[in-house]
Amino acid sequence: MTTHQEDDVNRRIPAAQQTHATPQSPTAPGLSRRGMLLGAAAALAAGPLAATAARAATAATAAPATAPATATGPATAAAARTPKVLVIGLDGTMVTRVKDSGAPNLAALMAGGLTAASSLYTAPMAGTSSGPGWSTIATGVWPDKHNVRDNDFTAPAFAAYPDFLTRVETANPALSTYVVASWAPIADTIYSGRVDTRVATPSAEYDTGTTARAVARLRDGNPDAVFVQLDNVDHAGHSSGSASKAYLDAIRGVDAQVGQILTAVRGRAGYAQEDWLVMITADHGHTPTGGHGGSTWEERQTFVIANGSAFPAGSVRHDVRMVDIAPTALAHLGIATDPAWGLDGTPIPALVPDDFDALRPQLTGRVDETGIAAGVLGFTRTAPAGWSVDNSAMGTGGVTEWRGWSFTTDEFWTKAQRDQNRELNVRSRNVFAVADSDEWADKTFQGNYDSTLVSPEYPVAGRSSVPVTFNTFYRPEGVQTARVLAVWDGGTPVEVKSFTADTNGRQRLDLAVPAGVGRLRLRFRYTGSNNWYWVVDGVRVG
């Protein structure tokens, strides 16, 4: 496998100041750190966003920024105001360290809205680098669609999957769009020339210049959709690692800059008549010792903080992904998502938990697995209400966690064994079902892996056909099989789909309903013997 040097920092620093390293490896040395610019950032006042129009006029500028959502009141009132979107990207920032830092403005946004941590892909889909990360956030699709695998942008598919601001311009050219970024490829490459204004901040100005430009545009102009990228946390991560005091200092510095930007929003003359959605996110995480690009859990971290009229204060979700940012922004601006776009993301307020997600409170820690820390809660073999697992043909022994279909999370499953492509299961959300004969066979067993996941019965009376949709991630090997079977009114199972090749995406089966039938049950049967795995999630019928 070819390894691509992670050069996020070098591309932002004048050539005379660059030093070269290979931060892809968790043990690689940190890069030389340019001036952190924290002294100036710390001196910047972060004023609050008002809870009401009246509070907007009187709020004290010394307080941390509060959620713009609180300015809206009921959703019906917000709908009467002009929708606007601000997305701020904090390069290389980990939400766990944001909480550790005590950053007041980010803390206020989390307290006033939604916080959702999630995780990234790894190679061969893409490295945990800025190019793939910011492209995924901008386009609303995963790297296997937008085709940005590293920071070289060799053959991006932005014509097929444009950034969300380009989609805004296409849908409504009268709207004003703006991008300003400390990392030049964001403005120069990821966001297209259709965007009204794109600014790659001169390297010498770095995040101070990016912040000043964002503040000026928000305060003095009339933008409808804005993307801002700040870089210094990533720089601290490279030079000192995410476990360092310098990394926390950088978060506090960027928090002050976020406060300036939010104060500019609050200070707008028309703020009381505007409905602002603010989202904060990151492109990747960092190892404790510094660097990213690899497959460790720390490098794979990202998050979404969403603050607006649709998000309850202090809410937390486990089913939000970074691909949801673009469609959420579009929906807030009243731009409907066309299914023909092939987006992987969904507007966050439209996300509906599936039956498997209800299992999260029941998840337990490891039993036989040794690579998973004892405190990680992430699996159960008990199916949700209405579902069952048929292990009547299942072999005996093997690893307890994976003896037949199990229900698990990305953290638990990928930590069972890194770098076997489990990290590519990006289209599953929250809790998902997995049949993993590879991990099952890591302990003495007899017989073959043969397990069937059985759905509830769904009413289909009076219908000529019924759509069945689900996300699947299937990695085949050898003699393993993956079959979907339909059971009509308790009769003999009939195969309606089988998988024979690598598959990663949303599936749709349009099943013809036999005459006189009233009920449908689905069976997902996986067989193998120390082969790979099959993931099923988000099953919907009708």
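Nothing fancy with the numbering, it's 1 onward along the sequence. What you see is a predicted model; the values in this text were computed from it and never measured.
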Could you state the interatomic distance from [atom1] ([X]) to [atom2] ([Y]), rounded to the nearest 0.5 Å?
| X | Y | atom1 | atom2 | value |
| --- | --- | --- | --- | --- |
| Trp297 | Leu120 | CH2 | CG | 9.5 Å |
| Leu333 | Thr82 | CG | OG1 | 11.0 Å |
| Leu262 | Trp276 | CG | CH2 | 10.0 Å |
| Asp150 | Thr128 | CG | OG1 | 11.5 Å |
| Thr408 | Asn425 | OG1 | CG | 10.0 Å |
| Gln301 | Thr296 | CD | OG1 | 8.5 Å |

Would you check if there is a donor-acceptor pair between the side chains of [Y] and [X] at a distance under 3.5 Å?
| X | Y | answer |
| --- | --- | --- |
| Asp91 | Trp183 | no |
| Asn471 | Asp537 | no |
| Arg418 | Ser295 | yes |
| Arg317 | Asn430 | no |

Classify the ring geometry between [X] and [Y] as parallel (under 30°), tilted (30 to 60°) or perpendicular (over 60°).
| X | Y | answer |
| --- | --- | --- |
| Phe407 | Phe356 | tilted |
| His238 | His292 | tilted |
| Phe153 | Phe158 | tilted |

For the pair [X] (side chain) and [Y] (backbone), establish whether a donor and an acceptor sit closer than 3.5 Å, ignoring hydrogens and angles.
| X | Y | result |
| --- | --- | --- |
| Arg266 | Tyr271 | no |
| Asn504 | Leu424 | yes |
| Glu299 | Thr287 | no |
| Thr281 | Phe303 | yes |
| Arg268 | Gly221 | yes |
| Glu169 | Val195 | no |
| Ser129 | Gly131 | no |

Closest approach of [X] and [Y], non-hydrogen atoms and distance?
| X | Y | result |
| --- | --- | --- |
| Ala187 | Ala200 | CB-N, 3.8 Å |
| Ser130 | His284 | OG-NE2, 3.4 Å |
| Asp255 | Leu106 | OD1-N, 2.7 Å |
| Asp163 | Ser192 | OD2-N, 3.0 Å |
| Tyr121 | Ala126 | CD1-O, 3.5 Å |
| Thr380 | Leu359 | CG2-CD1, 4.1 Å |

Is it true that [X] and [Y] have a side-chain N and a carboxylate O under 4.0 angstrom from each other?
| X | Y | value |
| --- | --- | --- |
| Arg300 | Glu423 | no |
| Asp344 | Arg321 | no |
| Asp324 | Arg429 | yes |
| Arg252 | Asp249 | yes |

Which of these passes side chain to side chain contact (heavy atoms under 4.5 Å, CB included) with Leu165: Thr170, Asp196, Val179? Val179
What residue among Leu230, Val180, Val228 forms side chain to side chain contact (heavy atoms under 4.5 Å, CB included) with Thr211? Leu230
With Thr136 via side chain to side chain donor-acceptor pair (under 3.5 Å) - residues at least two apart: His146
For Arg422, check side chain to side chain donor-acceptor pair (under 3.5 Å) against everything at least two apart and list the hits. Gln420, Asp436, Asp438
Test side-chain contact (heavy atoms from CB on, under 4.5 Å) on Val168 and Asp224 and set out the steps. CA-CA 9 Å; Val168 170; Asp224 297 290; over 6 Å; no
Kindly indicate, with the supporting measurements, whether the criterion side-chain contact (heavy atoms from CB on, under 4.5 Å) is fulfilled by Asn232 and Val254. CA-CA 7 Å; Asn232 203 39; Val254 81; 5.9 Å; no
Would you call Val426 and Met125 a side-chain contact if the rule is heavy atoms closer than 4.5 Å? yes
Heavy atoms, side chains only, cut-off 4.5 Å: are Pro132 and Trp142 in contact? no
Report the residue from Arg540, Arg506, Gln507 that forms a side-chain hydrogen bond (donor to acceptor under 3.5 Å, both in side chains) with Thr469. Arg506
Option from Asp283, Thr139, Asn151 for which side-chain hydrogen bond (donor to acceptor under 3.5 Å, both in side chains) with Trp134 holds: Asp283
Is there a side-chain contact (heavy atoms from CB on, under 4.5 Å) between Asp100 and Met94? Walk through the geometry before answering. CA-CA 10 Å; Asp100 293 340; Met94 301 171 69; over 6 Å; no
